[in-house]
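Report on the structure given below.
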Amino acid sequence: MINLNSVDRIQAFRYMGFYGEPDENFMKLADICEKKLLSAIKPRYCWQLFQKSDIKFLLLGNDIQKHLEHCEQVILFCATLSQSTDTCIRITQTSDILAGMMIDAMASALTEQLCDSVEQEILINFKNKYSTWRFSAGYGDMPLQIQDDFLKLIHAQKRIGVCVTDSGLMIPRKSVTAIIGLSDTPIKKSQKGCITCNLFQNCPYRAKGGHCN
Amino acid sequence: MSLNFKKILEQEKFLVLDGGMGTMLQAGGLKLGGIPEMLNFTNPDLITNIHKAYVNAGADIVYTNTFGANRLKMAKTHKSVQQIIKTAIANAKKSGAKYIALDIGPIGQLLEPTGTLKFEEAYDIFKEQIQAGEEADFIVFETMTDLLEVRAGVLAGREYGNGKPILVTMTFEENKRTFTGCEIPAMALTLEGLGVDAIGINCSLGPEELMPIVKELCQWTNLPVIVKPNAGLPDPVTNAYHFNAEKFGSCCEKFIDMGAVILGGCCGTTPEHIKAIVTMLKNKNPVQRKIAIPSAVCSANKTVIINQPRVIGERINPTGKKRFKQALIEQDIDYILNQAIQQIEAGADILDVNVGLPDINESDMMQSAVKAIQGITDTPLQLDTTDSKALEAGLRCYNGKPIVNSVNGEEESLNTVLPLVKKYGASVVGLTLDKNGIPKTAQGRFEIAERILNRALALGIRKEDVFIDCLTLTASAEQEGVMQTLEALHRVKTELGLHTVLGVSNISFGLPNRELVTRNFLTMALYAGLDLPIINPNTASMMSCVRTYKLLANIDKNAVDFIAHYGLDSAQPKPKNLQDSSNINLESAILSGLKSEAGMITKKLLESTEPMVIVNDMLIPALDRAGADFETGKIFLPQLISSASSAQSAFEVIKNYLCKSETESVNRGTIVLATVKGDIHDIGKNIVKILLENYGYEVIDLGKDVPYESVVEATKQSHALLVGLSALMTTTLPSMEATIKLLHEHCPWCKTVVGGAVLTADYAEKIGADFYAKDAKETVDIAKQVFLN
């Protein structure tokens with residue numbers, strides 16, 4: 001059972017470009033936003049197991065190939081906070097842009113938290129297998145263009161209401177697709193690094209040549 | 001010659017649909033990632049044989065293999081929608097099925113405002129499918145989750161389907177809502193209103209989980225009910241469904257007892273499942289249903305039953321409001337949205353929407369207002385216009401069942417408004433006036449009400465959907481008319497059995513202490529039988545009057561709602577007194593992000609200071625300081641936005657003041673802003689907008705996912721010197737480039753500034769932008785440079 005009852009605020013504040021020490025007003029706003037968001041979200045996910053050889057057409061790019069090098073089977077999953085979350089962000093933004101921005105950032109953080117829980121829940125079914133960390137389109141050289149086929153393979157629209165626009169954007173906005181490789185033998189886990197981070201494109205730490213933690 | 005669905009059903013007693021197609025196709029060799037519709041060409045025998053298997057199992061109706069055969073999903077194939085659908089129908093016909101239904105699934109992209117697909121585009125996509133499916137007997141929409149998308153399809157079906165019966169099934173979760181939040185009553189009210197022939201449920205769940213959903217649907221419609229469940233839930237490891245045929249058949253028997261008359265199977269079901277249904281039906285007879293459906297209006301996600309006084313908020317209306325008129329002229333939708341939010345928070349159940357002004361295109365405005373308001377609220381709307389084109393524009397895109405305000409007793413009005421009410425399945429307000437004006441007596445108004453009702457009934461509009469407004473006259477001018485209004489209202493309610501609506505504010509016009517008069521009149525009207533008071537819910541005494549009435553009339557049982565609003569625990573925090581903030585000035589209010597204080601201080605300042613002095617000497621320097629602090633890293637983006645929001649509330653006070661004194665508004669230059677086509681991330685753009693507006697620029701905000709041509713059009717029309725474009729994804733950068741190229745071609749006078757997470761100065765230069773702004777603050781600096789101010 002997926003249970004999301006608090007937001008990773010450190011991550012959320014980072015997403016909204018806030019790196020300072022939050023004052024009382026800011027924390028009060030965060031409390032209001034968190035409450036509003038948690039009552040708006042409808043976390044859903046769906047997944048399916050495939051033989052790697054059956055879905056070669058989806059696994060484009062060298063990075064995913066390498067990532068799944070020693071895997072025979074792959075899990076494709078999609079998780080979403082659902083349309084009600086988009087609506088909540090939109091409504092909040094209309095009357096208060098700062099609160100809108102905060103809820104948006106919190107929802108991004110929460111989506112990652114959702115994925116962590118989903119991953120755990122799925123892997124319960126494969127206790128005897130070794131797994132890779134989850135890899136998403138847009139990491140490394142895996143193109144966003146696969147999103148459409150990805151969602152079709154697991155019937156994501158029918159099962160959890162997730163679609164994709166022509167530009168490869170998933171809707172509802174707070175949705176993630178990911179690939180986990182499975183193997184019968186231990187997998188040497190590669191470094192996750194910055195490419196999996198939501199802030200990969202515009203991280204102030206990376207801009208200065210460093211990283212966050 | 002189109003078929004009469006009612007007659008078919010009478011003859012057949014029950015209709016049996018086919019079962020799953022996808023599972024059968026996979027068993028027949030459809031590869032993972034393959035396009036099922038292409039099998040109509042590559043393996044037509046497989047398709048015909050699947051249909052045949054269902055016909056042999058006893059299905060009366062087979063669905064064509066065209067679930068995804070729309071121009072978006074088929075773009076990757078080399079076949080046209082026409083070719084695919086015509087071939088699929090031919091394959092289905094070869095099976096010898098009694099009836100062929102053109103199967104239409106969801107488009108595959110979500111509609112605005114959550115998605116990017118426009119209602120009109122959705123309509124056009126469905127229209128193409130429906131025209132290609134000419135040879136089918138019925139049109140079926142299935143697995144739908146968005147009521148607005150269904151409305152687009154049903155309208156296309158009604159307008160281009162040559163009268164073919166239309167069947168709609170939607171997909172619900174166990175919480176009795178679709179993924180988009182659509183409720184069962186809203187689905188039923190809306191689709192029955194639009195005149196579809198049968199409605200129901202398919203997919204998502206197995207028959208056991210669907211029981212409560214089907215039960216509720218049967219309570220909300222008199223249409224034939226369809227149920228097409230999955231064979232249980234899929235196993236993610238094997239992708240198999242496990243619900244066996246025999247159990248499936250016996251579960252389906254319960255649907256028949258609830259009142260369903262059309263049954264079939266969805267994912268995972270096979271000819272065996274259909275055979276089980278046919279066997280089960282052998283000894284069954286349809287349940288005779290006659291449901292009394294209450295008066296109700298709805299959006300997709302919320303139904304308001306008119307079984308007690310429901311407040312209609314009147315504030316979205318430019319009459320007598322200069323600031324509202326200005327907002328309409330400037331197409332400032334956010335202003336209208338905030339009017340909507342305030343009224344809902346104050347307790348409005350329904351919102352009246354009137355956006356008529358002589359100088360604007362009311363149809364376009366009505367459409368944008370309806371779409372935008374529905375994007376941020378579930379509260380049902382009342383479309384208020386005298387322009388039948390604007391009315392139809394609003395009705396077409398409205399998601400749910402609205403109220404039309406209004407029709408009156410004049411022939412012309414009856415002839416134009418009522419057919420629209422019928423076609424779009426709305427409720428309607430009837431005004432008791434005609435070509436001779438408003439009758440002086442209650443009897444005269446009663447007679448007009450009766451006439452309106454009869455005309456509505458003759459067109460097939462239900463009595464429950466006609467609300468009568470007996471019209472409030474001003475007590476100061478026509479004192480003797482007040483009781484006539486109330487008597488007419490009472491008679492309409494008791495003798496005609498209709499719900500009543502009344503705008504009450506007018507009563508006190510020209511009198512002192514208007515609020516006192518209006519409030520008392522409202523109580524009298526409620527007691528006389530008023531169901532739908534049209535009031536300003538932001539006036540606390542008006543809402544308290546309605547809540548008190550509901551308490552005294554034993555509607556608000558145990559005074560739950562009353563205590564919630566006025567009990568000790570709910571004592572509202574008193575609005576902050578200005579004195580609390582007298583020790584801070586505008587600059588520190590803005591720098592500290594104190595929104596309401598900034599507004600109050602500005603109000604006070606305007607008593608002694610020129611508005612432009614406030615803007616130039618206080619607001620802008622404060623923002624400059626916040627901007628400088630941001631640049632040096634003293635504050636972060638959230639604090640900058642917080643300051644900008646405070647400045648915005650100060651600005652709103654100034655705007656209101658200027659509107660009242662009819663002074664020219666502040667405008668340091670016009671700037672067009674847009675998030676480029678394909679991209680829907682607009683928070684960054686909205687932050688830029690607020691900051692620019694704070695500095696006194698007029699911003700024409702085109703929103704997100706904006707076509708290249710619209711940017712050019714708006715720039716041409718406004719002759720803006722600066723266009724700001726935003727994009728957040730690498731995949732939408734080409735759209736940015738294309739927009740800039742088109743702007744340079746058609747608007748050589750304008751400069752472009754671009755921004756967004758994935759942009760860099762180098763890339764901006766490469767795609768031909770004049771400026772790159774790394775954040776909102778820099779955009780303001782660039783604007784100052786372009787406008788030389």
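Keep in mind that the numbers below use all heavy atoms, side chains included, and drop hydrogens, waters and symmetry copies. Naming convention: chains lettered A, B, ... in sequence-line order (proteins, then strands); numbering from 1 in each chain.
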With only heavy atoms counted, which part of [X] is less than 4.5 Å from chain A, the side chain, the backbone, both or neither?
X	value
K31(B)	neither
I341(B)	side chain
K76(B)	side chain
D682(B)	both

message: Taking atom CG as the centre, does L123(A) end up with more than 12 heavy-atom neighbours from other residues, nucleotides or ligands that are less than 6.0 angstrom away?
response: yes
[X] vs [Y] side-chain heavy atoms within contact, under 4.5 Å:
X	Y	answer
L169(A)	H681(B)	yes
I680(B)	I171(A)	yes
P236(B)	I154(A)	no
Y19(A)	L637(B)	no
H155(A)	P234(B)	no
F18(A)	Q639(B)	yes

Proximity breakdown for [X] and chain B, heavy-atom pairs closer than 4.5 Å:
X	result
F26(A)	side chain
Q145(A)	side chain
D96(A)	both
V164(A)	backbone
I122(A)	neither
D54(A)	both

Which one of [options] has the most heavy-atom pairs closer than 4.5 Å to chain A?
options	value
C203(B), P113(B), S645(B)	P113(B)
L117(B), L72(B), D146(B), N338(B)	N338(B)
T180(B), T732(B), D235(B)	T180(B)
T238(B), N239(B), L337(B), D679(B)	N239(B)

Could you state the interatomic distance from [atom1] ([X]) to [atom2] ([Y]), rounded to the nearest 0.5 Å?
X	Y	atom1	atom2	result
L29(A)	S642(B)	CG	OG	8.0 Å
S95(A)	I376(B)	OG	CD1	8.0 Å
Q648(B)	I97(A)	CD	CD1	8.0 Å

Within residues 78-94 of chain A, contacts to chain B at heavy-atom distances under 4.5 Å involve Q83(A), D86(A), T87(A), I89(A), R90(A), I91(A), Q93(A), T94(A)
Per-residue tally against chain B (heavy atom, under 4.5 Å) across K152(A), K42(A), M102(A), R159(A) peaks at R159(A)
Distance-minimising heavy-atom pair for [X] and [Y]:
X	Y	value
T165(A)	G678(B)	OG1-O, 4.4 Å
G108(B)	Q157(A)	CA-OE1, 3.3 Å
F636(B)	G17(A)	CB-O, 3.3 Å

Exercise for review: With side chain to side chain contact (heavy atoms under 4.5 Å, CB included) as the test, would you mind laying out the steps for T143(B) and K158(A) before giving the verdict?
Suggested key: CA-CA 7 Å; T143(B) 326; K158(A) 216 157 63 176; 3.6 Å; yes
When I687(B), I690(B), I641(B), L640(B) are each screened for side-chain contact (heavy atoms from CB on, under 4.5 Å) with L98(A), the one that passes is I641(B)
Using a 3.5 Å distance criterion without hydrogens, assess whether the side chain of S167(A) forms a donor-acceptor pair with backbone atoms of T731(B). no
| said: Under the criterion side chain to side chain contact (heavy atoms under 4.5 Å, CB included), I'd like the reasoning laid out for N686(B) against M101(A): C-alpha separation, chi angles, the key distance, then a yes or no. | reply: CA-CA 10 Å; N686(B) 293 342; M101(A) 189 184 167; over 6 Å; no
